[in-house]
Amino acid sequence: MSSGSQTMLMFKLSCLKKLLKLHLNVCAHGFSVHKNVVYGSPNYSFLKEATEAPKISFYDYIVVGGGAAGIPLATTLSETYSVLLLERGGSPYGNPDITNLANFGNYFFNPSQESPAELFMSDDGVGNARPRVLGGGSSINAGLYTRDDKKFFDEAKLTDEKLVNASYEFIEKCMVFEPVIGEWQSAWKGAFVEAGVTPDAGFTYDYVRGTKVGGTTFDKNGRRHTTADMLEYADPLRLSVFIHATVGKVLFTTKGRTKPMAYGVVFEDALGNKHRAFLKGGRNDEIILSAGPMGSPQLLMLSGIGPKDQLEALDITVVLDQPLVGQDMADNPLNVLFVPSPIPVEQSVVQVVADLDGGLIEPIGNINLVLGSPSDYQGFSYEKGGYVILKIDGPVSTGELKLRSTNPKDCPSVKFNYYKEPEDLQNCINGINIVRKAIDSKAFANFKYDNMTSQDIIDLTVKLPMYMPIHANTSTSMEQFCKDTVRTVWQTHGGCVIGKVVDNDYKVLGVDALRVVDRSTLLSTPANVIMLGRYMGVTIQTKRLASEKSESGFWFSS
């Protein structure tokens, strides 16, 4: 065989190996990940403090945001290319408030800079929080796992059904478990069905309308698993992850180009030292923002992409006048009822889900969700009782995000306009009425005081101290109850919406070498943004490998 033929053969085999790895290397080490996280923190050689980052470095891909989408995205890309992943928060490992189910929610009451949840107040007057930790929302949410419906696939422009399913399977083998259902959760399951939320779908990961038991990211020992566990599958020689790394701006060049091209980022470590990371200069190199619905539009504006008048008011050099950055901001409204019980309740986060037309109902048991003192529960106890949560899907009501300053550590200003649209308010009323029926059902009888009506429960709830401000102490109607007790379920989305700020491939319109892959691109919160990260990682990598193969002049059949 000639040397030329040998070279061609070696190239074909190399490309084939890379493509096969994309589709076959799905959680090959699934057991080791579960074992590592349950019995100790994984030892990732590539995970370091940003203070250890070089002053200048070069990569094929730079991913900003080590959250639910950013980690599977960076992990996947590292199978073939050099990747830098920058996370402004710390590690979830070793933090009992994150890892232990018993401490769920403590971080929502922790205002310190080291909290994995950055607390802020929206312009609506409702307290909120955004993730500030490796793993993002998967490190601080209630752990419910479910697949999405077709509506999400259409909205997110995910056209490869096989890859969607493979991406879900990747997640499920890595960090998802079947929950152990206790009496409290079982009672709610029966109560929802009795209240008319049918069919009873049993346990399933699939999206279904009705009542079901979903998956959970808490294992049988009450230990949380997050997307940070997926770093087990990264190539340690190709991936660099820096925590406590705050990105201040994306760098652009216009030299010799018809439109701006992203070529690097500037980030700051915990000591305030500046670092610069650049793309290597390959034709397919990219910067990908996965900083979430608050962080991605904020970073675009700080980098000069956004409404011209806002940027100029803060003396930010305008790279691209894009008035739709920061628009279509939304947050799924949440209303809760505290339901006291005459008997003890098992400790549990969300396991049972009642899926309605326009909302979800989810119970939580034996957790001091509002961190109230014993007297705050007015003669009752959170240990004998729990919360039933109603969250509105969508929603139709939207608002706007604006910069407060040029400091990337300052949370931007945002208004969500909760319940501005009548459709959202009606969905809340319908959901509360279902909850009241469920409370009065036979299936729930053991957990309800005989002399306590659902109205008594509503009146009790509005007097509880909440992390978010109380708007009223009494309720005269369901409409008023929804408005007066609106909270957040920490499911924000919008700000960089598909078709307005990014195209169907999540590339930022009007510039080159820049994408946004997270919930900021969507008009509704997906059940599973982790899948989006994995899906896009495989898609980007597959297309690039095909492009490089084509450019080389070789062809082979896979």
Side-chain angles (χ1 to χ4, degrees), residues 64-65 88 118 120-126 128 130 155 246-254 257-267 286-331 395-418 420-421 492-525:
V64 180
R88 71 192 184 109
E118 179 185 10
F120 69 95
M121 187 74 69
S122 75
D123 291 354
D124 309 274
V126 174
N128 210 315
R130 54 190 287 214
E155 179 187 329
T246 302
V247 178
K249 64 163 33 177
V250 177
L251 302 173
F252 293 93
T253 181
T254 56
R257 305 189 60 82
T258 58
K259 58 182 177 179
M261 181 183 74
Y263 71 93
V265 300
V266 178
F267 65 97
E286 290 181 326
I287 295 169
I288 306 173
L289 306 186
S290 295
M294 299 290 288
S296 289
Q298 178 188 24
L299 187 52
L300 283 180
M301 292 184 192
L302 290 174
S303 306
I305 299 178
K308 182 179 180 181
D309 57 342
Q310 289 189 45
L311 303 184
E312 290 181 339
L314 292 171
D315 292 326
I316 297 173
T317 300
V318 178
V319 173
L320 178 68
D321 180 14
Q322 172 49 288
L324 298 179
V325 174
Q327 297 299 307
D328 300 302
M329 292 295 299
D331 183 26
V396 180
S397 307
T398 61
E400 180 182 10
L401 178 145
K402 297 181 178 180
L403 290 181
R404 294 186 189 274
S405 73
T406 57
N407 186 346
K409 294 183 179 180
D410 288 345
C411 196
S413 165
V414 63
K415 187 172 185 177
F416 297 113
N417 292 317
Y418 298 104
K420 179 181 179 181
E421 299 298 331
T492 56
H493 50 274
C496 302
V497 173
I498 290 179
K500 297 182 178 182
V501 177
V502 300
D503 65 16
N504 290 359
D505 292 319
Y506 297 84
K507 295 180 179 180
V508 177
L509 296 167
V511 299
D512 288 329
L514 182 64
R515 296 192 205 225
V516 180
V517 179
D518 57 27
R519 284 186 286 125
S520 71
T521 63
L522 305 171
L523 287 172
S524 60
T525 291

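Computed from a prediction, not measured in an experiment: that's the story for all the values here. Scope of the values below: all heavy atoms of this structure, side chains included, with no hydrogens, waters or symmetry mates. Positions are given from 1, in the same order as the sequence printed here.
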J.: Side-chain contact, heavy-atom cut-off 4.5 Å: Asn128 with Thr492?
T.: yes
J.: What residues form a side chain to side chain donor-acceptor pair (under 3.5 Å) with Ser303, not counting sequence neighbours?
T.: none
J.: Who pairs with Glu400 by salt bridge (Lys or Arg N to Asp or Glu O under 4.0 Å), at least two apart in sequence or on another chain?
T.: none
J.: Atom CD1 in Ile288, atom NZ in Lys507: separation rounded to 0.5 Å?
T.: 10.5 Å
J.: Salt bridge or not for Asp505 and Arg515, using N-O below 4.0 Å?
T.: no
J.: Quick one: ring pair (Phe, Tyr, Trp, His ring centres under 6.0 Å) partners of Tyr506, sequence neighbours excluded?
T.: none
J.: State the NZ-OG1 distance between Lys420 and Thr398, to the nearest 0.5 angstrom.
T.: 7.5 Å
J.: Could you point out which residue of Leu514, Val501, Val250 forms a side-chain contact (heavy atoms from CB on, under 4.5 Å) with Ile305?
T.: Leu514
J.: Identify the heavy atoms of Lys259 and Gly510 that sit nearest to each other, and give their distance.
T.: CB-O, 3.6 Å
J.: Side-chain polar contacts of residues 316-325 - donor-acceptor pairs under 3.5 angstrom, sequence neighbours left out - could you list them?
T.:
residue	atom	partner	partner atom	Å
Asp321	OD1	Lys308	N	3.0
Gln322	OE1	Leu324	N	3.0
Gln322	NE2	Lys500	O	3.1

J.: What pair of heavy atoms forms the shortest contact from Met329 to Gly494, and how long is it?
T.: SD-O, 3.3 Å
J.: CG/Leu403 to CG/Leu300 distance, rounded to the nearest 0.5 angstrom?
T.: 10.0 Å
J.: Would you indicate whether the side-chain heavy atoms of Lys249 and Pro408 approach each other to under 4.5 Å?
T.: no
J.: Can you measure from CD1 (Ile287) to CG (Asp512) and round to the nearest 0.5 angstrom?
T.: 12.0 Å
J.: What is the distance from atom OG of Ser520 to atom CE of Met294, rounded to the nearest 0.5 Å?
T.: 11.5 Å
J.: Return the minimal non-hydrogen interatomic distance between Pro260 and Phe252, and the atom names on each side.
T.: CB-CD2, 4.2 Å
J.: What is the distance from atom CG of Asn417 to atom OG of Ser122, rounded to the nearest 0.5 Å?
T.: 9.5 Å
J.: Please examine the side chains of Val247 and Arg88, heavy atoms only from C-beta on, and report whether any two atoms are closer than 4.5 Å.
T.: no
J.: Mind jotting down which residue pairs meet the side chain to side chain donor-acceptor pair (under 3.5 Å) criterion with at least one end in residues 287-301? Sequence neighbours excluded, please.
T.: Ser296-Asp518
J.: Taking the side chain from Glu155 and the backbone from Leu523, do they hold a donor-acceptor pair closer than 3.5 Å?
T.: yes
J.: What are the two closest non-hydrogen atoms of Pro297 and Gly292, and how far apart are they?
T.: CD-O, 3.6 Å
J.: Could you tell me which residues satisfy side chain to side chain donor-acceptor pair (under 3.5 Å) with Ser405, sequence neighbours excluded, listed by chain and number?
T.: Asp410
J.: Please find the pair of heavy atoms, one from Val497 and one from Leu522, that lie closest to each other, and give the distance.
T.: CG2-O, 4.3 Å
J.: Quick one: closest heavy-atom pair of Leu314 and Arg404, and the distance?
T.: CD2-O, 4.3 Å
